[in-house]
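See structure below.
Just so you know, these numbers come straight off a predicted model, no measurement behind them. Read the numbers this way: they start at 1 and go in the same order the structure lists the ligands and their atoms.
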Amino acid sequence: MQLTDKINKLRKEKNAIILAHYYQVPEIQDIADYVGDSLGLAQQAAQTKADMIVFAGVHFMAETAKILNPDKLVVLPDMNAGCSLAASAPEKEFRAFVNSYPDHKVISYINCTAAVKTMSDVICTSGNAVQIVESFPKETKLIFAPDKNLGGYINSITGRDMVLWDGTCEVHDILSTEAVIKLKMEHPDAKLIAHPECKAALLQLADFVGSTTALLNFSKNDSSKKYIVATETGILHKMQQQSPDKTFLIVPSDETCNCNDCPYMKLNTLEKLLSALENGQPAIELPEDVIIKARKPIERMLEISKKMGLIK
Ligand code: 13P
Ligand code: SF4
């Protein structure tokens, strides 16, 4: 039997849902029940009636799904699929940081561990960060963690002065601004679309900044025929599927590399996905008290996003 046939048979037998991020390899995106950005994936996880969630993404995403579904089996095809942003904020150091700003509220980007979520007032994603920040009165003192690029970008467009944790995404932070300038000169008809995890210098050159879903929608609905895309390569699969007549040029990370794959996202393969579905392993496990504390700020994010019409 083909790999995909085996997956299809098992997903039915086990009443499993396959959730995949846009940075997954094309064959995983094509077999998934839902492909989306972090916000869409969290919403799907919150709503699913499936007994088992196969999360084709990275650890913090599967952990979020488990927090929202403590009684369901949540598997991640490769347990080593981490994230440099989540790793940048270890529990002990983050607690000390938060304690040193006792009068601040804490907004954490979803790319963080469950432990950091327990210390947060609300979670955000790149798809709702502006609305989450603006849900606090102007005078409220805020900490934003762990992505200093996203936090800095939100500060710049909202006029806030949030205290930023010093973390970055190892994929987006090294996308080359010089390469962008060169590409813009070579392709003056192309628009630059960028993910807010990129450096400020690159974002300042962008025609549009947004989450992976927002970039995808922009590239579909906009009138341009050519785009310089500053995010992880996986998104090109859907962009090209949705707009076969358009050209997408990916921003390289340096002179020697023409790709920018997230090494963690790309650990998942169809073979590992089948194995996780078959064996119910590797499964996400979390202590009950962590689940209870971490769920509150995630639910708050989903409530605000619903109120703002960002999700249904
Ligand atoms: P979004 O899914 O919110 O666009 O974030 C991209 C990302 O880096 C996920 O790890
Ligand atoms: Fe983390 Fe960056 Fe990879 Fe997203 S692309 S999972 S933020 S390291």
Side-chain angles (χ1 to χ4, degrees), residues 19-25 28-29 32 34-45 55-65 76-89 107-113 116 123-133 144-151 153-154 165-175 193-199 202-203 206 208-219 229-239 250-251 253 257 259-268 298 301-302 305 310-311:
L19 302 179
H21 191 270
Y22 291 123
Y23 296 163
Q24 292 295 290
V25 290
I28 290 186
Q29 293 191 40
Y34 176 85
V35 188
D37 68 355
S38 304
L39 178 60
L41 288 164
Q43 187 203 10
Q44 289 293 321
F55 214 116
V58 290
H59 191 268
F60 74 82
M61 296 177 173
E63 210 174 48
T64 303
L76 180 64
D78 190 316
M79 220 20 134
N80 292 318
C83 168
S84 68
L85 272 170
S88 80
I107 303 178
S108 293
Y109 189 33
I110 198 163
N111 300 37
C112 65
T113 60
V116 166
I123 301 303
C124 75
T125 75
S126 57
N128 61 17
V130 171
Q131 290 84 353
I132 297 289
V133 168
F144 188 92
D147 188 358
K148 69 172 178 189
N149 287 343
L150 175 62
Y153 173 70
I154 302 296
W165 176 265
D166 188 11
T168 55
C169 159
E170 68 178 56
V171 179
H172 290 86
D173 191 54
I174 60 164
L175 294 187
I193 57 175
H195 195 279
E197 288 173 13
C198 295
K199 285 188 292 268
L202 192 154
L203 294 178
F208 181 76
V209 177
S211 75
T212 43
T213 296
L215 297 180
L216 188 62
N217 291 342
F218 183 84
S219 70
V229 183
T231 189
E232 211 265 4
T233 354
I235 191 75
L236 294 191
H237 179 57
K238 276 273 178 285
M239 283 182 173
I250 198 82
V251 175
S253 53
C257 170
C259 63
N260 43 54
D261 286 328
C262 169
Y264 313 107
M265 287 279 184
K266 295 300 194 273
L267 283 176
N268 295 325
I298 301 171
M301 168 188 82
L302 292 172
S305 304
L310 299 170
I311 56 173

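A side-chain donor from one of Thr213 and Asp37 sits under 3.5 Å from a side-chain acceptor of the other. Side chains of Asn149 and Asp173: a donor-acceptor N/O pair is present below 3.5 angstrom, by distance only. Side chains of Tyr23 and Thr231: a donor-acceptor N/O pair is present below 3.5 angstrom, by distance only. Tyr264 and Glu170 share a side-chain donor-acceptor pair at under 3.5 Å. Using modelled atom types and a 3.5 Å distance limit, the side chains of Thr233 and Asp261 yield a donor-acceptor pair. His195 and Thr212 share no side-chain donor-acceptor pair at under 3.5 Å. Remark: the Glu197 side chain and the Tyr109 side chain contain an N/O donor-acceptor pair separated by less than 3.5 Å.
The aromatic rings of Phe218 and Phe208 sit parallel, their planes meeting at an angle under 30°, below the 60° perpendicular limit.
At least one heavy atom of His21 sits less than 4.0 Å from an atom of ligand 1.
In terms of polar-atom proximity, defined here as any N/O pair under 3.5 Å, Glu197 does make such a contact with ligand 1. Distances between N or O atoms of Asp37 and those of ligand 1 include no value under 3.5 Å. Note: no N/O pair closer than 3.5 Å links Ser211 and ligand 1 by distance alone. The shortest N or O to N or O distance between Thr212 and ligand 1 is under 3.5 Å. When only interatomic distances are considered, the shortest N/O to N/O separation between Thr125 and ligand 1 does not fall below 3.5 Å.
Proximity to His195 (heavy-atom distance under 4.0 Å) selects the following atoms of ligand 1: 1 (P), 4 (O), 5 (O), 6 (C). For ligand 1, the atoms lying closer than 4.0 Å to a non-hydrogen atom of Tyr109 are 5 (O). Near Leu85, with a cut-off below 4.0 Å to any heavy atom, the atoms of ligand 2 are 7 (S). Close contacts between ligand 1 and Ser126 involve ligand atoms 1 (P), 3 (O), 4 (O), 5 (O) [criterion: under 4.0 Å to a heavy atom]. Listed by number with element, the atoms of ligand 2 under 4.0 angstrom from any heavy atom of Glu197 are 2 (Fe), 7 (S). Every atom of ligand 1 is numbered from 1 in the order shown, and the set under 4.0 Å from a heavy atom of Met61 is 9 (C), 10 (O).
Looking at atom 3 (Fe) of ligand 2, its nearest protein heavy atom turns out to be Cys262 SG, 2.4 Å. Counting only heavy atoms of the protein, atom 10 (O) of ligand 1 lies nearest to Asn111 ND2, 3.4 Å. Protein heavy atom at the shortest distance from atom 7 (S) of ligand 2 is Asn111 ND2, 3.2 Å.
At least one N/O/S atom of Cys83, whether from backbone or side chain, sits less than 2.8 Å from atom 1 (Fe) of ligand 2. At least one N, O or S atom of Cys169 sits under 2.8 Å from atom 2 (Fe) of ligand 2.
Val58 is not listed as a side-chain neighbour of His21, based on a closest heavy-atom distance of 4.5 Å or more. You'll find the side chain of Ile110 stays beyond 4.5 Å of the side chain of Cys124, heavy atoms only.
Heavy atoms of Glu232 found under 4.0 angstrom from ligand 2: none, in either backbone or side chain. Of the heavy atoms in Tyr23, only side-chain atoms (C-beta onward) come closer than 4.0 Å to ligand 1. No part of Thr213 comes within 4.0 Å of ligand 1, judged by heavy-atom distances.
Salt-bridge check for Glu232 with Lys266: passed, with a basic side-chain N closer than 4.0 Å to an acidic carboxylate O.
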Given side-chain contact (heavy atoms from CB on, under 4.5 Å), test Val251 with Val229 step by step and report yes or no. CA-CA 6 Å; Val251 175; Val229 183; 5.9 Å; no
